[in-house]
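All remarks here apply to the structure that follows.
All residue numbers in this chain count up from 1 along the given sequence.
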Amino acid sequence: MSEQNIRIVTRPRAGSSLLLLLLLWLLSLQPQAVHAQQTGLGVDLSLIDGVELTPANIFNYRLENRGQQSQNVLVRGRVYYRQSALNFTYEYHISLQPGVTQVSRDMISAPVWNFSSPGLKELFQQYNKLPQGTYEYCVSVYPPGTSPEYTPGDEPQSCVYQTVDDLFLINLLSPDNDAKIYEYNPMLSWVVNYPFASELTYRLRVAELKTGQNPQNAITRNNAMYQDNNVMSTSAVYPVTARPLQKWQPYVWTVDAYYKGILLGGAEVWKFTIIDDSEYMAADVEQSYYEFDRHNGDTRINAYGSLCLKYISELNADTLNVSIVDNDGSFTAYKDKPLPVKLGDNRIKIELEQQVSLKHEGKYTAIVLHGQNKKFIIPFTYYNPLFLKNKQ
């Protein structure tokens, strides 16, 4: 066979053809991503990360142009609150030279603003304040000549998060925190540090402080004894038409400030209790220790802030488990606390005021379980030391 008659035929492999088709298909699905990479733009919000926004600093960020030529870009900013309809946006055009541009308010001639409500616009632009809550601030840069097919989200974007909580711009005045008062319709007053205080309205709340709660939990979780959402001044009297306040029951109260329906911030939560000086009890400073195993429930004793118990043990090593129940038989916070005891005379002092939240003049029962399966019942009346005065 001569060399002229030799023909070599090369056939492409089936796998290579499929790989080429797959690559072409993937590229066809991502034209916008390629376009975004070609813009060479970037946003850096690190200068205002963790800083509450004001009209003076909202434009304090850097824009980056990684190209070789200047670009006339569109910049859009957006602030929106989580779980709220509050939001505002702005946009402007700026010419970016190659490299990093530090933006400032003076560089922007006519930003176009859009606010979700007139009140939010006044609050931010006139009073340099933002409402209470958590917001997200995002800045996006759109390349020049963006086509109508340009998909939002392809542009370079950066976001930061910030929480506004003006806890100390509203200060409660009276009654003092943890005050003991005699009025069943007390005057509640506060002071506001906003320069535009005359433009504000207030929400006043009063609630019970229940066993085992701290003031913040009580005001958040409990139904309000009284609530007024439209207080026009910085004081209010607990009205006679509201649910009556009870003696010895601790209450909590707080105030929130609003500007045209927009929450600005709230005060701390304070506590007060109504007492009656005519029933301000006199009690001995020292309590005798009650030998409960000799009586086992036949006598109700008084506990002035603490429960003083006497126990004679016949064992070298012994343990008592103590629980406290109320009149309904439900356990309080003090439940099954093991108490080691020694051979002979044991004096046990359980500090109820520090470990358990009990009501003044409340009726309770201590249940003592012995390691030998013995059960002792100790009925007692609890007296809060804050409502007692020593005998002279």
Side-chain angles (χ1 to χ4, degrees), residues 167 170-191 202-228 231 234-256 266-285 287 300-307 324-328 330 332-334 350-365 380-391:
L167 187 62
I170 307 175
N171 297 315
L172 304 182
L173 291 181
S174 180
D176 291 333
N177 191 23
D178 207 20
K180 310 301 179 295
I181 63 176
Y182 308 106
E183 301 85 2
Y184 285 83
N185 299 95
M187 170 76 76
L188 307 169
S189 62
W190 57 94
V191 65
Y202 305 95
R203 177 178 66 165
L204 170 63
R205 289 177 289 165
V206 180
E208 288 185 349
L209 178 64
K210 299 181 179 179
T211 300
Q213 290 184 324
N214 60 44
Q216 185 61 51
N217 288 339
I219 203 69
T220 302
R221 299 178 181 179
N222 300 343
N223 293 329
M225 293 276 298
Y226 171 69
Q227 178 170 319
D228 189 340
V231 181
T234 55
S235 65
V237 176
Y238 191 89
V240 295
T241 55
R243 181 179 166 189
L245 301 177
Q246 301 297 320
K247 183 175 54 180
W248 308 125
Q249 167 63 53
Y251 296 99
V252 293
W253 69 291
T254 192
V255 173
D256 301 306
E268 292 183 283
V269 183
W270 279 11
K271 181 179 76 170
F272 68 87
T273 307
I274 299 175
I275 64 174
D276 189 341
D277 192 46
S278 64
E279 298 182 16
Y280 211 44
M281 292 190 56
D284 291 320
V285 176
Q287 296 184 71
R300 177 175 292 276
I301 64 174
N302 295 332
Y304 302 107
S306 60
L307 193 60
I324 296 177
V325 297
D326 55 21
N327 284 336
D328 297 330
S330 59
T332 67
Y334 197 94
I350 302 175
E351 299 290 351
L352 301 175
E353 182 185 12
Q354 300 177 4
Q355 303 182 42
V356 189
S357 179
L358 303 180
K359 291 185 177 181
H360 181 69
E361 297 184 341
K363 308 295 184 182
Y364 299 93
T365 301
F380 70 93
T381 301
Y382 175 73
Y383 295 94
N384 192 322
L386 296 174
F387 306 143
L388 302 176
K389 56 186 176 182
N390 298 333
K391 287 184 177 179

Residues two or more places apart in sequence or in another chain: which of them pass salt bridge (charged side-chain N to carboxylate O under 4.0 Å, His left out) with Arg243?
Glu208

Non-neighbouring partners of [X] that pass side-chain hydrogen bond (donor to acceptor under 3.5 Å, both in side chains), sequence neighbours left out:
X: Asp176; result: none
X: Asn222; result: Gln213
X: Gln246; result: none
X: Gln249; result: none

What residues form a side chain to side chain contact (heavy atoms under 4.5 Å, CB included) with [X], not counting sequence neighbours?
X: Asp228; value: Tyr226, Asn230, Val231
X: Ser235; value: Met187, Ser189, Ser233
X: Thr220; value: Gln216
X: Pro250; value: Leu209, Lys271, Thr273

Is there a donor-acceptor contact under 3.5 Å from the side chain of Thr254 to the main chain of Ala267?
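Such a contact is found between Thr254 side chain and Ala267 backbone.
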
Inter-residue atom distance [X].[atom1] - [Y].[atom2], 0.5 Å rounding:
X: Thr234; Y: Asn171; atom1: OG1; atom2: CG; answer: 12.0 Å
X: Phe380; Y: Lys363; atom1: CZ; atom2: NZ; answer: 11.0 Å
X: Ile324; Y: Leu307; atom1: CD1; atom2: CG; answer: 6.5 Å
X: Leu204; Y: Trp253; atom1: CG; atom2: CH2; answer: 7.0 Å
X: Thr381; Y: Arg300; atom1: OG1; atom2: CZ; answer: 4.5 Å
X: Trp270; Y: Asp178; atom1: CH2; atom2: CG; answer: 11.0 Å

Just jot down the ring-ring contact (aromatic ring centres under 6.0 Å, His included) partners of Trp190, sequence neighbours excluded, or say none.
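Listed in chain order: Tyr202.
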
Quick check on ring pair (Phe, Tyr, Trp, His ring centres under 6.0 Å): which of Trp248, Tyr304, Tyr364 does Tyr383 satisfy it with?
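Only one of Trp248, Tyr304, Tyr364 forms a ring pair (Phe, Tyr, Trp, His ring centres under 6.0 Å) with Tyr383, namely Tyr304.
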
